[in-house]
Visitor: 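Let me begin by handing over the structure; questions about it come next.
Residue numbering restarts at 1 for every chain, and letters A, B, ... go by the order of the sequence lines. Scope of the values below: all heavy atoms of this structure, side chains included, with no hydrogens, waters or symmetry mates.
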Amino acid sequence: MDLPIEPDPRERIARATTPLAELAIEGRAIPAVVTAALVVEHFCETRPRARMTEIARRLDLPPSSCFSILKTLVEERVLSFDPATKTYALDYGLAAIGRRYLTPGGALRAVDPILDEMARRHAATLVIWRRAARHMVVVDRWENGSPSQMHVDAGARLPLLAGAMGRVMAAFGDLKPRELARHFTRLRWETPTTFDAWLAEVDGVRARGWAEDDGRFSAGISSVSVGVRALDGRIDAVLSATTFHGQHDAAARELIAGELLKVGALLGDLRIGGGF
Amino acid sequence: MRKGDARVTDAIEPAEQADAAGERRDSGVASLRKAAAVLRLLGESRLPRQISDIARETGMTPSSCHDVVSTLARIGLVQPTATGRTWEIGARFARLATQTLGDPERLGPARPALIAIADRWNANLGVMRRFGPSRLISTCIVESTAAIRLRMPVGHELPLFGGVVGRVFAAWGGIGEPTERRLRMAEAGFSGAQAVAAFERRCVDDRARGWAHGEAQWVAGVGVVAVPMFDPRGGLMGTMSIAMFARTFREAPLEALAEDALEAAALGARWLGKAD
């Protein structure tokens, strides 16, 4: 009975990242399961202890349903209940269930189907790069199955400020102006640009949150990049979509950037240690 | 509060909740329990599972399993793998599981100093917190940066008095009621007068010394030093442990190791205290 029961695969990003209260749920779903997830997400966002009536009011739930869901979540160790204050709070039950994802490598495993689908849909090669001193090193990549596509080896490295990812690191990577100038001089551009012109582009990246390079760093290669934050909030990694120059118009690149921003934020949320 | 639910308040205990809504509620709760069973199975699985496996192993009918997995898929708590025929924990679930740990559990600004301690001993630093009445759970791990290193996941559970870490809870946790204490010892494998007396003697020694240590107490080949972490009111908030390969442990100066564990505990407690 292995039926194809996944709703639209193109909605994987939304299903993973849109707050449940705002998610348009396709097809038939079991209300108690959806409501329980809504309750848990609410606790994850708000964190303080709360009484049942407060939770029911905030989520607009009938108190009797809210009570039975809370009680079940306590029995499943997802929430804890303090009889003295009659309040509920998050417990560690989800961490116990999801422990295989709460270890280095877990973040990549969790986003793998999302990035696989995205790579195929946009006919792009998606790459996670991480800073290693003066370079960016490939952590992992998702190819798209096309006969001709960009390929990059795991472990390959490029200069810190190369291409679109370099503009992201310049904008969000906590680099001093002197460091930017030093790293910039190491770049070998296909279509050279001045440091001042490049800095103006970096300012634009700060404003909109993502960067692109349309064949200026490497001829024939177009990239869109977003930052991925580490545990301390610094951007130390980049998620990039790389395609052939001219393959996507500006609107399509903007669409890709929007999706990368969502998955990049998700990756940041999922990181446990220094890596992924 | 909605009409018809005016009787339901936080002050009413579960047993008093039997009412006209009971039947509807029970069916919702049954679905929720099934969803929890699916998530637990997928969380424990090393590999993604087919629907037929999930139904068999959770004891559900195929159609019921299909409904539950479909619902979980629609809200991103499970996701299909790239092949589309097998299922695994979804990215939303992994993010919620990470969020239940809270940002402070990830130790924020204390992390670089903790990594330095981990590197000094090629060890794994871990925070364990109480999880319900009878369990411990690891909520934060800091690994050394050595190429070959010990790895222990976040979300790993132990009996409350299990291993060296459990002895810290036995010594400092304020669990003095004899029946409960015996029960917790039995859960950790200490039964019989001699074993219980030896365990209690070790707890007294640990308390006098300020830290607990041992080799292969819970995991073969691993040596551990564990110390209590106190909240500002002096209550036990968790433990900080330094775990390393047994051979390294045998050669390590225990006093220096314990000093580092105490320093790590102070750093961790300062940061984690912000969450409590």
Visitor: Anything under 3.5 Å between a donor and an acceptor, one on a side chain of residues 131-139 of chain A, the other on a protein residue two or more places apart or in another chain? List them.
Guide:
from, atom 1, to, atom 2, distance (Å)
A/Arg131, NE, A/Ala133, O, 2.9
A/Arg131, NH2, A/Ala133, O, 3.4

Visitor: Ion pair present between A/Glu76 and B/Arg33, side-chain N to carboxylate O less than 4.0 angstrom?
Guide: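 A salt bridge is present here (some side-chain N lies under 4.0 Å from a carboxylate O).
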Visitor: Let me know if B/Glu157 has heavy atoms under 4.5 Å from chain A in its side chain, its backbone, both or neither.
Guide: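 Contact with chain A: side chain only.
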Visitor: Let me confirm one number: the NZ-CG distance from A/Lys71 to B/Leu32, rounded to the nearest 0.5 Å.
Guide: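 Atom-to-atom, A/Lys71:NZ and B/Leu32:CG are 11.5 Å apart.
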Visitor: Which value, rounded to the nearest 0.5 Å, describes the distance between A/Leu94 atom CG and B/Gln99 atom CD?
Guide: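 The CD atom of B/Gln99 is 10.0 Å from CG of A/Leu94, to the nearest 0.5 Å.
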Visitor: Taking all non-hydrogen atoms of both residues into account, name the closest pair between A/Arg28 and B/Thr71 and its distance.
Guide: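 So the two residues come closest at O-OG1, 4.4 Å.
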Visitor: Heavy-atom cut-off 4.5 Å, strictly under: side chain, backbone, both or neither for A/Ala230 against chain B?
Guide: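 No part of A/Ala230 comes within 4.5 Å of chain B.
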Visitor: Identify the residues of residues 101-114 of chain A whose heavy atoms come closer than 4.5 Å to a heavy atom of chain B, ordered by number, or report 'none'.
Guide: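 From residues 101-114 of chain A, the residues near chain B are A/Tyr101, A/Leu102, A/Thr103, A/Pro104, A/Arg109, A/Ala110, A/Pro113, A/Ile114.
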Visitor: Rounded to the nearest 0.5 Å, what separates atom CD1 in A/Ile25 from atom CZ in B/Arg74?
Guide: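 So the CD1 of A/Ile25 and the CZ of B/Arg74 are separated by 9.5 Å.
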Visitor: Please name the pair of heavy atoms, one in A/Arg271 and one in B/Thr98, separated by the smallest distance, quoted to 0.1 Å.
Guide: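 So the two residues come closest at O-CG2, 4.5 Å.
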Visitor: Give the minimum heavy-atom separation between B/Thr100 and A/Tyr92, together with the two atoms involved.
Guide: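 It is O-CE2, 4.0 Å.
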Visitor: Please identify each residue that fulfils salt bridge (charged side-chain N to carboxylate O under 4.0 Å, His left out) with A/Asp8, with sequence neighbours left out.
Guide: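 A/Asp8: salt bridge (charged side-chain N to carboxylate O under 4.0 Å, His left out) contacts with A/Arg10.
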Visitor: Are the charged groups of B/Glu88 and A/Arg100 less than 4.0 angstrom apart, N to O?
Guide: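 Salt bridge absent between B/Glu88 and A/Arg100.
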Visitor: Select one option (side chain, backbone, both, neither) describing which atoms of A/Leu23 are under 4.5 Å from chain B's heavy atoms.
Guide: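 Side chain of A/Leu23 only, per the 4.5 Å heavy-atom cut-off to chain B.
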Visitor: Where is the tightest heavy-atom contact between B/Pro80 and A/Arg12, given as atom of each residue plus distance?
Guide: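 Nearest heavy atoms, B/Pro80 then A/Arg12: CG-NH2, 3.6 Å.
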Visitor: What part of A/Asp116 is in contact with chain B, defined as an atom under 4.5 angstrom from a non-hydrogen atom: side chain, backbone, both or neither?
Guide: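 For A/Asp116, the side chain is the part near chain B, not the backbone.
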Visitor: Counting N and O atoms only, with roles assigned by atom type, does the side chain of A/Arg15 sit under 3.5 Å from a partner on the main chain of B/Ala73, one being a donor and the other an acceptor?
Guide: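 Yes, because the side chain of A/Arg15 sits within donor-acceptor range (under 3.5 Å) of the backbone of B/Ala73.
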Visitor: For residues 142-156 of chain B, pull every pair meeting side chain to side chain donor-acceptor pair (under 3.5 Å), keeping only residues two or more places apart or in separate chains.
Guide: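 The answer is B/Asp119-B/Thr145, B/Asn122-B/Ser144, B/Glu143-B/Arg149, B/Glu143-B/Arg151.
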